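Note that ligands are numbered from 1 as they come in the structure, with each ligand's atoms numbered from 1 the same way. Hydrogens, waters and symmetry mates play no part in the numbers below; they use all other heavy atoms, side chains included. Everything numeric here is computed off the predicted structure, so don't read it as measured data.
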Amino acid sequence: MSEEAGKKKKYSADSIQALEGMEHVRMRPSMYIGDVGPRGLHHLVYEVVDNSIDEAMGGHCDTISVVINEDNSITTKDNGRGIPVDMHKKEGISALEVVMTKIGAGGKFDKDSYKVSGGLHGVGVSVVNALSDSLKATVYRDGKIWEQEYERGKALYPVKSVGETTERGTMVTFHPDDQIFEQTIEYSYETLSNRMRELSFLNKGVTISIMDKRQKDPESETGYVGETFYSDEGLKEFVTFLDGNREQLIQNIISIEGEKNGIPVEVAMVYNTSYTENLHSYVNNINTHEGGTHLSGFRRGLTTTLKKYADSSGMLDKLKFEVQGDDFREGLTAIVSVKVAEPQFEGQTKTKLGNREVSSAVSQAVSEMLTDYLEEHPDDAKTIVQKVILAAQARHAATKAREMVQRKTVMSIGGLPGKLSDCSEQDPTLCEVFLVEGDSAGGTAKQGRDRNFQAILPLRGKILNVEKAMPHRVFENEEIKNIYTALGVTIGTEEDSKALNLEKLRYHKVVIMCDADVDGSHIETLILTFFYRYMRELIEGGHVYIATPPLYLVKKGTKKQYAWDEKERDAIADSYNGNVSIQRYKGLGEMNAEQLWDTTMNPEFRTLRQVSIENATEADRIFSMLMGDEVPPRREFIEKNAVYANIDA
Ligand code: 0RA
């Protein structure tokens with residue numbers, strides 16, 4: 001601590017830059033802590049505690065305490081390594097001062113020790129410092145006690161040693177600035193203690209205590225209101241805590257803790273006798289209220305595993321309808337917690353995990369743990385499958401009632417949908433129907449077709465995503481009702497309300513014709529998903545096809561040729577010796593009736609792709625995996641499973 005002069009110079013030069021950052025935090029606090037109401041106020045505590053949790057996760061700390069002082073200042077203390085106090089090479093000041101006064105210094109300087117507890121928080125202790133009218137940092141490290149104080153983020157003096165110690169750790173006392181938190185600086189004991197309890201479940205083995213010096217409690221050891229949380233079994237105990245008032249259906253809480261593809265995954269789950277699904281998910285200790293990839297991975301793992309078990313157990317044999325994803329989650333309480341190095345948060349409240357890779361990690365972990373559990377606990381396995389069957393039956397009964405009503409209106413009122421332009425041929429084996437996206441393209445197709453054997457059914461915009469909808473909603477959907485009626489298929493027997501009767505199928509080719517763009521492929525996917533879930537027999541029977549409109553028209557003088565991809569386009573342009581005009585078709589609507597007939601509908605020249613289900617179980621897995629997910633992977637699946645064949649050649 002010599003060379004006072006040189007240090008001072010450097011110190012003040014650096015502090016200009018630092019203060020700019022700190023000033024920005026004070027100018028735009030919401031950017032850093034969400035808001036300046038009670039939420040943001042409590043966020044300050046979480047931010048500091050997150051750093052302590054970080055130490056705990058690294059195995060350096062096992063005790064954290066939080067005290068609400070009489071004046072609503074907060075004191076946190078941990079027995080971690082202590083914030084380093086040595087000279088920071090680049091900044092020329094104590095590392096402690098860097099951590100406390102530099103925005104974005106975060107905590108860790110070495111990139112290797114990635115900060116996982118941060119996530120939504122993780123803006124750094126310096127933000128807390130900037131938003132406090134006073135803060136004092138005390139570090140117990142290398143046998144000494146070090147100290148520095150700040151006001152609104154400005155250091156009052158260089159870091160100094162104030163004594164000796166055998167302890168290790170960090171203590172921070174801060175008082176929120178009422179110039180920033182104008183509404184209130186009053187901390188809620190409930191809010192903070194709930195969060196500390198949650199953190200203790202999420203980080204087993206760490207003792208987290210909270211004490212409120214504003215409230216006396218003669219009964220307690222400390223004389224104040226307070227609690228100490230410690231969880232030996234982590235999420236298992238969390239589930240027990242959540243399900244405290246419910247009746248457990250199986251013997252144990254099923255749990256897993258492990259790493260998959262470098263992603264730490266922890267799951268605990270149990271079934272109870274209720275009918276509700278109770279799922280909670282966390283990323284880096286942050287509650288992801290909107291779910292995300294980890295949760296969808298969990299659902300997928302659960303469904304796949306239970307379904308596989310149920311199928312092989314033979315218990316579903318007598319069941320005449322399919323068991324659905326929801327059926328597996330009735331009465332389920334589960335917590336999924338993952339640690340992700342670079343979490344991407346999406347959604348309205350930025351609490352939805354977007355990282356794709358997490359989904360398969362969680363799903364794999366759940367599959368493995370559940371498979372083992374079911375094998376080792378056959379009684380529980382049976383109980384779960386029975387519960388699933390009951391759930392499916394209850395859902396089925398409710399739906400069936402609705403379907404009966406629908407069937408009357410859909411099937412027996414008779415007549416074909418008004419929007420259908422039918423063909424004149426009576427032999428279904430010779431007939432084709434084109435399902436066309438949008439009314440205008442439908443009009444073009446109607447003009448361009450051969451009305452002898454080609455029928456057109458325009459569909460309005462995006463059809464219902466049946467993966468997300470309850471079955472009764474599906475049967476209520478106008479476009480879907482039209483498809484049923486136009487095709488002439490009937491659904492439902494006494495035993496199986498979804499079974500499809502193809503005897504009266506009016507067209508043996510059902511052709512999906514959509515724009516060759518993103519929207520078009522989305523609609524194509526939605527229609528295929530509907531066929532897959534509700535008319536699988538139609539696909540299995542080889543009746544479903546995808547039309548392939550061209551992407552380009554290459555013209556030179558009177559010569560013209562269509563191209564279905566860039567390579568073909570360039571080849572044609574080359575063969576015309578350049579100087580061509582190229583039209584890019586963005587949609588079917590850009591083609592006239594003749595062009596549409598020539599390229600896409602005329603059996604002599606068109607290329608249809610036949611949709612097949614090569615591997616039904618794999619298809620099922622993929623479709624269910626994509627429940628509620630975005631389109632691209634689904635499209636990939638379809639692309640892979642659509643057999644590319646010029647069936648008319
Ligand atoms: C920077 C680097 C290291 C630890 C910390 C900050 C740290 C920050 C806080 C805030 C509250 N408690 C904390 N504990 C640690 C790494 C220390 C090392 O490498 O020795």
Under 3.5 Å, side-chain donor or acceptor atoms of residues 258-270 against the rest of the protein: list the pairs with distances, not counting sequence neighbours.
| unit_1 | atom_1 | unit_2 | atom_2 | d |
| --- | --- | --- | --- | --- |
| Lys260 | NZ | Glu368 | OE1 | 3.0 |
| Lys260 | NZ | Glu368 | OE2 | 3.3 |

Practice item. Specify side chain, backbone, both or neither for Ala95, according to which of its non-hydrogen atoms lie closer than 4.0 Å to ligand 1. Key: neither

Review point. Looking at residues at least two apart in the chain, or sitting in another chain, which of them share a side chain to side chain donor-acceptor pair (under 3.5 Å) with His377?
Key: Asn252

Practice item. State whether a side-chain donor-acceptor pair under 3.5 Å links His24 with Tyr32. Key: yes

Point to revise | Gly80 touching ligand 1 at heavy-atom level, < 4.0 angstrom | key: no

**Study point:** Ligand-side contact atoms (ligand 1) for residue partner Ser52, heavy atom cut-off under 4.0 Å
**Key:** 11 (C), 12 (N)

Review point. Near Ile83, which atoms of ligand 1 are under 4.0 Å from a heavy atom of that residue?
Key: 7 (C), 8 (C), 9 (C), 10 (C)

Revision key, fill the gap. Min over Arg81, Glu47, Glu55 of heavy-atom distance to atom 18 (C) of ligand 1 lands on Arg81

Practice item. Check Arg141 against ligand 1 and report side chain, backbone, both or neither, counting heavy atoms closer than 4.0 Å. Key: side chain

Review point. Between Thr173 and Ser73, is any side-chain donor less than 3.5 angstrom from a side-chain acceptor?
Key: no

Review point. Hey, what's the ring geometry for Tyr282 with Phe238, parallel, tilted or perpendicular (30° and 60° as the breaks)?
Key: tilted

Review point. Applying a 4.0 Å heavy-atom criterion (strictly less than), which segment of Asp78 is in contact with ligand 1: side chain, backbone, both, or neither?
Key: side chain

Study note, to complete from the structure: Atoms of ligand 1 under 4.0 Å from any heavy atom of Asn51, numbered from 1 in the order shown, are 9 (C), 10 (C), 11 (C)

Check your understanding: Would you call Glu151 and Lys154 a salt bridge, using N to O less than 4.0 angstrom?
Key -> no

